[in-house]
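A short worksheet on the structure shown next.
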Amino acid sequence: MQPIRRTECGVALFDLLAGRPEDVAPRLLGATVRHVTDEGPVSLVLTETEAYGGEADPASHAWRGRRPRNLSMYMPAGHAYIYQTRHHLALNVVTGPQDEASAVLLRAGRVTEGESLARASRGPQIAAQRLARGPANLARSLSLTLDLDGLDLMGEGPLTLTLGDQVARIDVGPRVGVTRAQDVQWRFSVPGDSTVSAYRRASLR
DNA sequence: CTATAGATTACCT
DNA sequence: GGTAATCTATAGA
(Lines give C-alpha, C1' and ligand atoms only; values in the text may rest on other atoms or scores of the structure.)
Protein backbone atom coordinates (compact mmCIF):
# COMPACT_ATOMS: atom_id res chain seq x y z
CA MET A 1 0.00 0.00 0.00
CA GLN A 2 2.96 2.28 0.54
CA PRO A 3 3.57 2.98 -3.20
CA ILE A 4 -0.12 3.78 -3.77
CA ARG A 5 -0.23 6.20 -0.88
CA ARG A 6 2.87 7.93 -2.19
CA THR A 7 1.38 8.18 -5.67
CA GLU A 8 -1.89 9.63 -4.38
CA CYS A 9 0.04 12.13 -2.30
CA GLY A 10 2.15 13.10 -5.32
CA VAL A 11 -0.91 13.57 -7.54
CA ALA A 12 -2.58 15.74 -4.88
CA LEU A 13 0.51 17.93 -4.64
CA PHE A 14 0.77 18.30 -8.41
CA ASP A 15 -2.94 19.21 -8.66
CA LEU A 16 -2.43 21.89 -6.04
CA LEU A 17 0.68 23.31 -7.72
CA ALA A 18 -1.05 23.34 -11.11
CA GLY A 19 -3.39 26.07 -9.83
CA ARG A 20 -2.93 29.82 -9.92
CA PRO A 21 0.20 31.05 -8.10
CA GLU A 22 -1.81 33.36 -5.82
CA ASP A 23 -3.84 30.32 -4.72
CA VAL A 24 -0.80 28.05 -4.40
CA ALA A 25 1.38 30.46 -2.41
CA PRO A 26 -0.77 30.55 0.78
CA ARG A 27 -1.25 26.76 0.62
CA LEU A 28 2.54 26.27 0.71
CA LEU A 29 2.78 27.84 4.17
CA GLY A 30 3.51 24.88 6.46
CA ALA A 31 4.96 22.78 3.64
CA THR A 32 8.48 21.36 3.98
CA VAL A 33 11.44 21.89 1.64
CA ARG A 34 14.26 19.36 2.05
CA HIS A 35 17.71 19.33 0.47
CA VAL A 36 19.89 16.25 0.88
CA THR A 37 23.44 17.57 0.52
CA ASP A 38 26.72 15.67 0.55
CA GLU A 39 27.01 16.68 4.21
CA GLY A 40 23.47 15.55 5.09
CA PRO A 41 19.85 16.70 4.92
CA VAL A 42 18.49 20.16 5.72
CA SER A 43 14.74 20.75 6.05
CA LEU A 44 12.63 23.82 6.71
CA VAL A 45 8.92 24.60 7.07
CA LEU A 46 7.77 27.52 4.91
CA THR A 47 6.49 30.62 6.73
CA GLU A 48 6.50 33.22 3.92
CA THR A 49 5.78 32.95 0.18
CA GLU A 50 5.09 35.26 -2.77
CA ALA A 51 3.20 34.63 -6.02
CA TYR A 52 4.46 35.68 -9.46
CA GLY A 53 2.09 35.49 -12.40
CA GLY A 54 4.15 34.70 -15.48
CA GLU A 55 4.25 36.88 -18.59
CA ALA A 56 1.10 38.79 -17.57
CA ASP A 57 2.71 39.99 -14.32
CA PRO A 58 5.02 43.01 -14.76
CA ALA A 59 6.90 42.04 -11.57
CA SER A 60 7.66 38.53 -12.84
CA HIS A 61 10.97 37.46 -14.37
CA ALA A 62 8.87 36.01 -17.22
CA TRP A 63 7.27 39.39 -18.02
CA ARG A 64 9.53 39.92 -21.03
CA GLY A 65 9.19 36.35 -22.20
CA ARG A 66 11.48 33.35 -22.39
CA ARG A 67 15.11 34.01 -21.53
CA PRO A 68 18.04 31.69 -20.82
CA ARG A 69 17.79 32.50 -17.11
CA ASN A 70 14.05 31.89 -16.70
CA LEU A 71 13.61 28.78 -18.88
CA SER A 72 12.73 26.57 -15.90
CA MET A 73 9.75 28.85 -15.15
CA TYR A 74 8.16 27.40 -18.30
CA MET A 75 8.47 23.80 -17.05
CA PRO A 76 5.47 21.92 -15.59
CA ALA A 77 4.27 22.71 -12.06
CA GLY A 78 6.44 21.36 -9.26
CA HIS A 79 9.82 22.15 -10.79
CA ALA A 80 12.37 24.45 -9.16
CA TYR A 81 13.23 27.86 -10.59
CA ILE A 82 16.48 28.97 -8.95
CA TYR A 83 17.93 32.31 -10.02
CA GLN A 84 20.73 34.57 -8.97
CA THR A 85 20.15 38.21 -8.10
CA ARG A 86 23.09 40.41 -7.27
CA HIS A 87 25.13 38.14 -5.02
CA HIS A 88 22.54 35.63 -3.90
CA LEU A 89 20.25 32.80 -4.99
CA ALA A 90 16.48 32.44 -4.57
CA LEU A 91 14.21 29.40 -4.87
CA ASN A 92 10.79 29.32 -6.59
CA VAL A 93 8.26 26.54 -7.12
CA VAL A 94 6.82 26.57 -10.64
CA THR A 95 2.99 26.62 -10.66
CA GLY A 96 0.16 26.58 -13.18
CA PRO A 97 0.08 24.89 -16.59
CA GLN A 98 3.29 24.26 -18.54
CA ASP A 99 4.55 27.31 -20.48
CA GLU A 100 2.59 29.78 -18.33
CA ALA A 101 5.76 30.56 -16.30
CA SER A 102 4.00 31.40 -13.04
CA ALA A 103 5.81 30.58 -9.81
CA VAL A 104 5.89 30.99 -6.03
CA LEU A 105 8.98 32.55 -4.45
CA LEU A 106 9.92 30.91 -1.14
CA ARG A 107 10.83 33.86 1.08
CA ALA A 108 11.31 32.39 4.57
CA GLY A 109 11.10 29.24 6.64
CA ARG A 110 11.90 27.63 9.98
CA VAL A 111 14.75 25.10 9.95
CA THR A 112 13.52 21.78 11.35
CA GLU A 113 16.32 19.40 10.33
CA GLY A 114 20.06 19.82 9.85
CA GLU A 115 20.29 23.08 11.78
CA SER A 116 24.04 22.58 12.27
CA LEU A 117 24.48 22.31 8.48
CA ALA A 118 22.36 25.42 7.92
CA ARG A 119 24.45 27.17 10.55
CA ALA A 120 27.64 26.06 8.80
CA SER A 121 26.43 27.93 5.70
CA ARG A 122 25.01 30.94 7.52
CA GLY A 123 27.34 31.46 10.47
CA PRO A 124 27.60 30.15 14.04
CA GLN A 125 26.18 33.26 15.72
CA ILE A 126 22.93 33.53 13.72
CA ALA A 127 19.76 33.16 15.82
CA ALA A 128 17.71 30.11 14.83
CA GLN A 129 14.73 32.13 13.60
CA ARG A 130 17.00 34.19 11.33
CA LEU A 131 18.70 31.27 9.57
CA ALA A 132 16.18 31.16 6.69
CA ARG A 133 14.60 34.62 6.97
CA GLY A 134 14.57 36.21 3.50
CA PRO A 135 14.84 34.37 0.16
CA ALA A 136 18.65 34.56 -0.09
CA ASN A 137 19.10 33.35 3.48
CA LEU A 138 16.66 30.52 2.83
CA ALA A 139 18.72 29.49 -0.20
CA ARG A 140 21.95 29.62 1.83
CA SER A 141 20.47 27.61 4.72
CA LEU A 142 19.58 24.88 2.23
CA SER A 143 23.02 25.09 0.54
CA LEU A 144 21.32 25.55 -2.83
CA THR A 145 23.34 25.91 -6.03
CA LEU A 146 22.40 27.02 -9.55
CA ASP A 147 22.75 23.47 -10.90
CA LEU A 148 19.59 22.53 -8.94
CA ASP A 149 17.63 24.90 -11.22
CA GLY A 150 14.92 23.03 -13.15
CA LEU A 151 14.81 20.03 -10.80
CA ASP A 152 11.49 18.23 -10.18
CA LEU A 153 10.65 18.95 -6.54
CA MET A 154 8.15 16.06 -6.45
CA GLY A 155 10.66 13.48 -7.71
CA GLU A 156 13.49 11.45 -6.21
CA GLY A 157 16.08 14.22 -6.58
CA PRO A 158 18.04 15.83 -3.73
CA LEU A 159 15.62 18.77 -3.43
CA THR A 160 12.00 17.99 -2.53
CA LEU A 161 8.77 19.69 -1.50
CA THR A 162 6.14 17.99 0.70
CA LEU A 163 2.87 19.41 1.96
CA GLY A 164 2.31 19.91 5.70
CA ASP A 165 -0.69 20.84 7.79
CA GLN A 166 -2.45 23.91 6.48
CA VAL A 167 -1.86 26.88 8.77
CA ALA A 168 -4.90 28.34 10.57
CA ARG A 169 -4.35 32.01 9.80
CA ILE A 170 -2.47 33.79 7.02
CA ASP A 171 -1.25 37.38 6.65
CA VAL A 172 -1.60 38.93 3.18
CA GLY A 173 0.25 41.95 1.87
CA PRO A 174 2.17 43.48 -1.05
CA ARG A 175 5.28 41.80 -2.41
CA VAL A 176 8.70 42.82 -1.11
CA GLY A 177 11.19 44.76 -3.17
CA VAL A 178 9.32 44.86 -6.48
CA THR A 179 9.21 48.09 -8.47
CA ARG A 180 6.25 47.19 -10.71
CA ALA A 181 2.78 46.15 -9.54
CA GLN A 182 3.70 47.28 -6.02
CA ASP A 183 0.15 47.10 -4.69
CA VAL A 184 -0.68 43.54 -5.76
CA GLN A 185 -1.41 41.62 -2.51
CA TRP A 186 0.46 38.43 -3.34
CA ARG A 187 2.72 38.01 -0.29
CA PHE A 188 1.58 35.46 2.27
CA SER A 189 3.02 34.72 5.72
CA VAL A 190 2.29 33.04 9.04
CA PRO A 191 1.02 35.75 11.45
CA GLY A 192 3.43 36.56 14.25
CA ASP A 193 6.06 34.02 13.18
CA SER A 194 9.56 35.21 14.09
CA THR A 195 11.09 33.72 10.94
CA VAL A 196 9.08 36.02 8.59
CA SER A 197 11.10 38.79 6.95
CA ALA A 198 10.25 42.47 7.39
CA TYR A 199 8.28 44.21 4.63
CA ARG A 200 10.25 46.75 2.64
CA ARG A 201 8.74 48.59 -0.30
CA ALA A 202 11.11 49.13 -3.20
CA SER A 203 12.21 52.69 -3.78
CA LEU A 204 10.85 54.20 -6.97
CA ARG A 205 13.83 56.42 -7.93
C1' DC B 1 29.20 48.71 -26.88
C1' DT B 2 28.45 51.09 -22.06
C1' DA B 3 25.32 52.21 -18.40
C1' DT B 4 21.98 50.90 -15.24
C1' DA B 5 18.93 48.21 -12.47
C1' DG B 6 17.38 44.19 -9.86
C1' DA B 7 11.90 39.09 -6.35
C1' DT B 8 19.13 40.99 -1.37
C1' DT B 9 22.01 40.82 2.57
C1' DA B 10 25.83 41.97 5.74
C1' DC B 11 28.57 45.06 7.69
C1' DC B 12 29.93 49.62 8.59
C1' DT B 13 28.98 54.34 10.71
C1' DG C 1 21.37 55.28 7.28
C1' DG C 2 24.87 53.98 3.59
C1' DT C 3 27.49 50.91 0.84
C1' DA C 4 29.77 46.96 -1.07
C1' DA C 5 29.45 42.35 -2.78
C1' DT C 6 28.91 40.40 -8.23
C1' DC C 7 25.69 38.20 -12.29
C1' DT C 8 21.96 38.68 -15.75
C1' DA C 9 19.34 41.37 -18.68
C1' DT C 10 17.61 45.55 -20.55
C1' DA C 11 17.87 50.29 -22.59
C1' DG C 12 20.12 53.41 -25.19
C1' DA C 13 24.21 55.34 -27.84
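Predicted model, so just to flag it, every value in this text is computed and none were measured. In what follows, every heavy atom counts, from backbone to side chain, and hydrogens, waters and symmetry copies are set aside. So you know, we letter chains A, B, ... as the sequences are listed, proteins then strands, and number each from 1.
With sequence neighbours left out, A:D171 forms a salt bridge (Lys or Arg N to Asp or Glu O under 4.0 Å) with no residue at all. Under the side-chain contact (heavy atoms from CB on, under 4.5 Å) criterion, A:T112 pairs with A:S43, A:V45, not counting sequence neighbours. In this view, A:D183 and A:R201 satisfy the salt bridge (Lys or Arg N to Asp or Glu O under 4.0 Å) rule, not counting sequence neighbours. Contacts of A:E39 classified as side-chain contact (heavy atoms from CB on, under 4.5 Å), with partners at least two apart in sequence or in another chain: A:T37, A:L117.
If you run side-chain contact (heavy atoms from CB on, under 4.5 Å) between A:L153 and each of A:L159, A:T160, A:T162, only A:L159 comes through.
Contacts between residues 54-78 of chain A and DNA chain B, defined by a heavy-atom separation below 4.0 Å, involve A:A59, A:H61, A:M73, listed by number.
Remark: A:L44 CG to A:S141 OG distance equals 7.0 Å, nearest 0.5 Å. Note that the OG atom of A:S121 and the CG atom of A:L144 stand 9.5 Å from one another [nearest 0.5 Å].
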Per-nucleotide protein contact string for nucleotides 8-13 of chain B, where B marks a base within reach and S marks sugar-phosphate only (heavy atoms under 4.0 Å, - for neither): BSS---
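Taking a heavy-atom distance under 4.0 Å as the criterion, the stretch of DNA chain C touched by chain A extends 5' to 3' from C:dA5 to C:dA11.
With the 3.5 Å cutoff on both pairing distances, Watson-Crick and G-U pairs in DNA chain B assemble into runs of at least 3 at B:1-6 with C:7-12, B:8-12 with C:1-5.
Annotation: C:dT8 and B:dA10 have their C1' atoms spaced 22 Å apart (nearest Å). The gap from the P atom of B:dA5 to that of C:dA13 amounts to 15 Å, rounded to the nearest Å. For the C1' atoms, the distance linking B:dA7 with C:dG2 amounts to 22 Å, nearest Å.
Sorted by first and then second residue, the salt bridge (charged side-chain N to carboxylate O under 4.0 Å, His left out) pairs with a member in residues 104-118 of chain A read A:R34-A:E113, A:E48-A:R107, A:E50-A:R107, A:R110-A:D193, A:E115-A:R119; sequence neighbours excluded. The salt bridge (charged side-chain N to carboxylate O under 4.0 Å, His left out) contacts involving residues 172-181 of chain A comprise A:D57-A:R175, where partners must be two or more places apart or lie in separate chains.
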N/O donor-acceptor pairs under 3.5 Å from side chains in residues 73-82 of chain A, not counting sequence neighbours:
| from | atom 1 | to | atom 2 | distance (Å) |
| --- | --- | --- | --- | --- |
| A:Y74 | OH | A:E55 | OE2 | 2.6 |
| A:Y74 | OH | A:R66 | N | 3.2 |
| A:H79 | ND1 | A:G150 | O | 3.2 |
| A:Y81 | OH | A:H61 | ND1 | 2.8 |

For residues 128-138 of chain A, which side-chain donor-acceptor pairs fall under 3.5 Å, sequence neighbours excluded?
| from | atom 1 | to | atom 2 | distance (Å) |
| --- | --- | --- | --- | --- |
| A:N137 | OD1 | A:R122 | NH1 | 3.4 |
| A:N137 | ND2 | A:R133 | O | 2.8 |

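For CG of A:D147, the number of neighbouring non-hydrogen atoms (other residues, nucleotides, ligands) closer than 6.0 Å is greater than 12.
Residue contacts for A:E50: at a heavy-atom cut-off of 4.0 Å it reaches no nucleic acid atom on any strand shown.
At least one side-chain nitrogen or oxygen of A:T179 sits closer than 4.0 Å to the OP1 or OP2 atom of B:dG6.
Between the A:D149 side chain and the A:S72 main chain, no donor and acceptor come within less than 3.5 Å of each other.
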